[in-house]
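Letters A, B, ... mirror the listed sequences (proteins, then strands); counts begin at 1.
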Protein chains: 2
Amino acid sequence: MAPRSASKSAVPSDKVGVICRALRRAIIEQALEPGAKLPEDSLGERFGVSRTIARHALGQLAAEGLVELRRNRIAVVATPSWQEARDAFDIRIELERLVVRQLAGKLTKSQVAELNAHVDAEDRARDGSDAVSIRLATEFHILLANMTNSPILVRYVSEVAYRCCLTLSLYSRPHSSECAINEHRAIIAALVKGDEAKVMSLMHSHLDSVASRALVAPAPQRGRDLLDILAPYAEEGDGGRVVKLPKVVRAR
Amino acid sequence: MAPRSASKSAVPSDKVGVICRALRRAIIEQALEPGAKLPEDSLGERFGVSRTIARHALGQLAAEGLVELRRNRIAVVATPSWQEARDAFDIRIELERLVVRQLAGKLTKSQVAELNAHVDAEDRARDGSDAVSIRLATEFHILLANMTNSPILVRYVSEVAYRCCLTLSLYSRPHSSECAINEHRAIIAALVKGDEAKVMSLMHSHLDSVASRALVAPAPQRGRDLLDILAPYAEEGDGGRVVKLPKVVRAR
DNA sequence: GGCCGTCGAACTGCATGCAATTGAGGCGCT
DNA sequence: AGCGCCTCAATTGCATGCAGTTCGACGGCC
């Protein structure tokens, strides 16, 4: 509906931007799981562009921390460690507190309407797939950030929110985020009321509860597969090599 | 001295990384002023690589907000608006409060030594060029962030610090940041002492004072040239065109 | 003299080609 | 059967070439 063509910067042409957006979305909807391979050829073919462009897009996404690039290796969707996930949430909390601090009491009527409409959409999607719910929940926060009119803040909040989303698919059990919709409504209400302190603490506890519900301890059994579990034991120094393991069948 | 090869991610090969680091440094030392042109050819030639690589590097820097990319146009060093500068500082304050909160009372002896050595270097550079002083001051903060061992936090703090650095060359009068060295020492002391609240407020006021010393109001006369002054009046929508002005001699 | 239109050089957007590296399967050896 | 080596297809790293666009300058016209 809204003609939100989003980020004006960092998008050399727009083909790159299209691919980035598509991949971001696929990643946060968990159509692409962490660790999924992203060969340049395939991407290029899929989007009707050459490898050059696909490569460029991967570079951008790597800069955002959504994909991992290793020299001469196929790019893969990032697999953040549990600690990184925690860090991302900590940063996110601070950034979003900043967002609501700037927004408290300053929302226009149409902005409030837009926010409410979004939460309604979240409500409606409750029966649908988890993926959509998660995406909408994330987009609520990005929508909020957008209203600050601070491009930098928007960029950082978006990035870190996407990263958090990514970690959710790694470490959370299903259906863990739906109950947060009420908290979104509460935040809107507090924003309208203009109570800065209140809305900041609401946002804080909202994110904190999402984080603690989602990030269920380092859970030995929760990792994707053997390789992930062993990762911390094979600290990869700047050129280090993972210890050779006898016969590991990589989970496809 | 320290074998700090820095960011492992987001660097496809390393030629790209080399170019990025070089340009970042040139930018924050103000060898490249905001608005400076960065043609792909020249960069490629300068660094002994093809345009492809130079282009990729520019893409990365654009993602960090240090350069501006516009379709079919020569890339230029970013020229943040005054408002963006303010926003960047606000974000920076929150992020660095997070840094020192995590670090308070947790520094090892060698880390403290490293910090002190750095501030000593800042002291020594006081007689040298402004550019070096500014770079060192910025690097102090990045050094601090590094000690959190949180790659994400490091990345964000670095980025936003570079951006702030960039704005300093636009909006600040010369010699405005040197007196901050004592504040760096105070922060180290408070970190060692482990007083979380104290160090957070120290960092807050440190950055706040740098910002307010530096960002001297929108100052009609302080902008680079006429075009910058007029920029806010010619909001560029996603494909909008700046209003045609009769005969503007662009300050070289 | 100043303004406008036209032209050319410069630059970007993108695809493709070639060399180098990887990792995966097959083969032989123990 | 298991383990290691070796070879080859798959994939990346990078440069170059071509087409389209922009910017600046020159020259004509008012």
**OP:** Applying side-chain contact (heavy atoms from CB on, under 4.5 Å), name anything that partners Ser50(A), two or more places apart in sequence or on another chain.
**Re:** Thr52(A), Ile53(A)
Subject >> Candidates dT12(C), dT12(D), dA24(C) - which lies nearest the side chain of Asn72(A) >> reply: dT12(D)
Expected output: side-chain [X] to main-chain [Y] donor-acceptor under 3.5 Å:
| X | Y | answer |
| --- | --- | --- |
| Gln60(A) | Gly59(B) | yes |
| Arg163(B) | Glu64(B) | yes |
| Glu159(B) | Gly65(B) | no |
| Arg24(A) | Leu61(A) | no |

Original post:
Which sits closer to the 5' end of DNA chain C, Leu38(B) or Val49(A), going by the nucleotide each is nearest to?
Top reply: Leu38(B)
**OP:** On the 0 to 90° scale, with breaks at 30° and 60°, tag the His118(A)-Phe140(A) ring pair as parallel, tilted or perpendicular.
**Re:** tilted
Subject >> Spacing between Leu58(B) atom CG and dG13(C) atom C1', to the nearest angstrom >> reply: 14 Å
**OP:** Compute the bend angle of the helix from dG1(C)-dC30(D) to dT30(C)-dA1(D) from the end axes (five pairs per end), rounded to 10°.
**Re:** 10°
Original post:
Can you check whether His141(A) reaches Leu207(A) side chain to side chain, under 4.5 Å on heavy atoms?
Top reply: yes
Return the polar atom pairs (N/O with N/O) between nucleotides 16-19 of chain D and the protein under 3.5 Å, or none.
residue, atom, partner, partner atom, Å
dT16(D), O4, Thr52(B), OG1, 3.1
dG17(D), O6, Arg51(B), NH2, 3.1

**OP:** May I have the step-by-step check of side-chain contact (heavy atoms from CB on, under 4.5 Å) for Leu153(A) and Val99(A), ending in yes or no?
**Re:** CA-CA 8 Å; Leu153(A) 196 48; Val99(A) 168; 3.8 Å; yes
